**Q** 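Input: one structure, supplied below.
Treat the numbers as computed from the prediction; the structure is a model and nothing was measured.
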Amino acid sequence: QVQLVESGGGLVQAGDSLRLSCAASGRTFSSYAMAWFRQAPGAEREFVARITWSGGWTYYADSVKGRFTISKDNAKNTVYLQMNSLKPEDTAVYYCAAGYLAERRQREYDYWGQGTQVTVSS
């Protein structure tokens, strides 16, 4: 069992930066992956970034590549999403997720946080 809690969202202006945190509790496995997804108003939830617990391998959606960085602190069971050069298109509820051998699809993730709102004004 894994519980995930996101934090760090807020209202910012285009070009600003924001860092999201995802605190995980309960049982986690070295073969689990952690990811960030987001859902904009009226849109479907989309993949943002992924990182593996054991190796720290990362993968990013093309829309955020070069601007966002996913990282982790295994000792703290925490995953971060550093968001730079934010755009209005980044406005969404951001969700943290965990899954066994998960990659980029929503169905591969078994545990989800409640989300944190990020709003970027133009």
**Q** With a 4.5 Å heavy-atom cut-off, do M83 and S17 have their side chains touching?
**A**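 Result no, sub-4.5 Å side-chain heavy-atom pair not found.
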
**Q** Under 6.0 Å from the six-membered ring centre of Y59 and within 45° of its axis: does the NZ or CZ of R104 meet both?
**A**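 Ring-cation test returns yes.
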
**Q** A side-chain contact here means heavy atoms from C-beta on lying under 4.5 Å apart; do Y80 and T69 qualify?
**A**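 No, their side chains stay 4.5 Å or more apart.
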
**Q** Under 3.5 Å, side chain of T91 to main-chain N/O of V120, donor-acceptor pair present?
**A**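 A pair under 3.5 Å: yes.
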
**Q** Kindly say whether the aromatic ring centers of Y109 and F37 come within a distance under 6.0 Å.
**A**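 Ring centroids of Y109 and F37 are less than 6.0 Å from each other.
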
**Q** Can R38 and E46 be counted as an ion pair, charged N to O under 4.0 angstrom?
**A**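 Counted as a salt bridge, because a side-chain N and a carboxylate O are separated by less than 4.0 Å.
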
**Q** Taking the cut-offs as 6.0 angstrom to the six-membered ring centre and 45 degrees off its axis, would you call R45 and W112 a cation-pi pair?
**A**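 Verdict for W112: a cation-pi partner in R45.
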
**Q** Please tell me if the side chains of S7 and T116 come closer than 4.5 Å, counting only heavy atoms from C-beta onward.
**A**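 No, every pair of side-chain atoms sits at 4.5 Å or beyond.
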
**Q** Between N77 and A23, is there a donor-acceptor pair closer than 3.5 Å when you use the side chain of the first and the backbone of the second?
**A**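 No; judged by distance alone, with no hydrogens or angles, the pair does not exist.
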
**Q** Cluster question for you: counting only ILVMFWY and a side-chain heavy-atom cut-off of under 4.5 Å, with indirect links fine, are I51 and L101 together?
**A**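 In one cluster: yes.
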
**Q** How long is the span from the OH atom in Y94 to the CG atom in L20, to the nearest 0.5 Å?
**A**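 The CG atom of L20 is 7.5 Å from OH of Y94, to the nearest 0.5 Å.
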
**Q** Roughly how far, to the nearest 0.5 Å, is the CZ atom of R67 from the CG atom of D90?
**A**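 Spacing of CG (D90) from CZ (R67) equals 4.0 Å.
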
**Q** Could you go step by step and tell me if F68 and N84 meet the side-chain contact (heavy atoms from CB on, under 4.5 Å) rule?
**A** CA-CA 6 Å; F68 290 10; N84 297 327; 6.0 Å; no

**Q** Taking the side chain as C-beta and beyond, is there a heavy-atom pair between V79 and I70 under 4.5 Å?
**A**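 In contact.
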
**Q** Please give me the minimum heavy-atom distance between L18 and G8, naming the atom from each residue.
**A**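 Heavy atoms of L18 and G8 come nearest at CG-O, 3.5 Å.
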
**Q** Would you say the side chain of V48 lies within less than 4.5 Å of the side chain of Y60, judging by non-hydrogen atoms?
**A**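 With C-beta onward as the side chain, the pair stays apart.
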
**Q** Could you state whether Y95 and Y111 fall into the same hydrophobic cluster, counting links through intermediate Ile, Leu, Val, Met, Phe, Trp or Tyr residues with side-chain heavy atoms under 4.5 angstrom apart?
**A**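 No; tracing contacts between hydrophobic side chains, which count when under 4.5 Å, never links both residues.
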
**Q** Report the distance from atom OG of S25 to atom CG of L4, rounding to the nearest 0.5 Å.
**A**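 Here the interatomic distance stands at 7.5 Å.
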
**Q** Do the side chain of S31 and the main chain of Y100 share a donor and acceptor less than 3.5 angstrom apart?
**A**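 No: the side chain of S31 does not pair with the backbone of Y100.
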
**Q** With a 3.5 Å distance limit and no angle check, can you tell me whether Q39 reaches the backbone of V93 through a side-chain donor-acceptor pair?
**A**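 No, the answer is negative, given that no donor and acceptor are paired below the 3.5 Å cut-off.
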
**Q** Taking the side chain from E6 and the backbone from G115, do they hold a donor-acceptor pair closer than 3.5 Å?
**A**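 Here the side-chain-to-backbone pair exists.
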
**Q** Please name the pair of heavy atoms, one in A102 and one in A33, separated by the smallest distance, quoted to 0.1 Å.
**A**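 Shortest heavy-atom separation between A102 and A33 comes out as O-CB, 3.4 Å.
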
**Q** Cluster question for you: counting only ILVMFWY and a side-chain heavy-atom cut-off of under 4.5 Å, with indirect links fine, are V64 and F47 together?
**A**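 No: no chain of side-chain contacts under 4.5 Å links V64 to F47.
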
**Q** Heavy-atom distance under 4.5 Å between the side chains of W53 and M34, does that happen here?
**A**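 Yes. Closest side-chain heavy atoms under 4.5 Å.
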
**Q** Can a donor-acceptor pair be found, under 3.5 Å and without considering hydrogens, that links the side chain of T78 to the backbone of K76?
**A**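 Yes; judged by distance alone, with no hydrogens or angles, the pair exists.
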
**Q** If you round to the nearest 0.5 Å, how far is CZ of R50 from CD of E108?
**A**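 It comes to 8.5 Å.
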
**Q** Quick one: pull up CG in L86 and OG in S121 and give me the separation to the nearest 0.5 Å.
**A**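 Spacing of CG (L86) from OG (S121) equals 10.0 Å.
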
**Q** Answer yes or no: is there a donor N or O on one side and an acceptor on the other, between the side chain of K87 and the main chain of G15, under 3.5 Å?
**A**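 The answer is no, because no donor-acceptor pair under 3.5 Å joins these two groups.
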
**Q** How far does CH2 of W36 sit from SG of C22, to the nearest 0.5 angstrom?
**A**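 So the CH2 of W36 and the SG of C22 are separated by 5.0 Å.
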
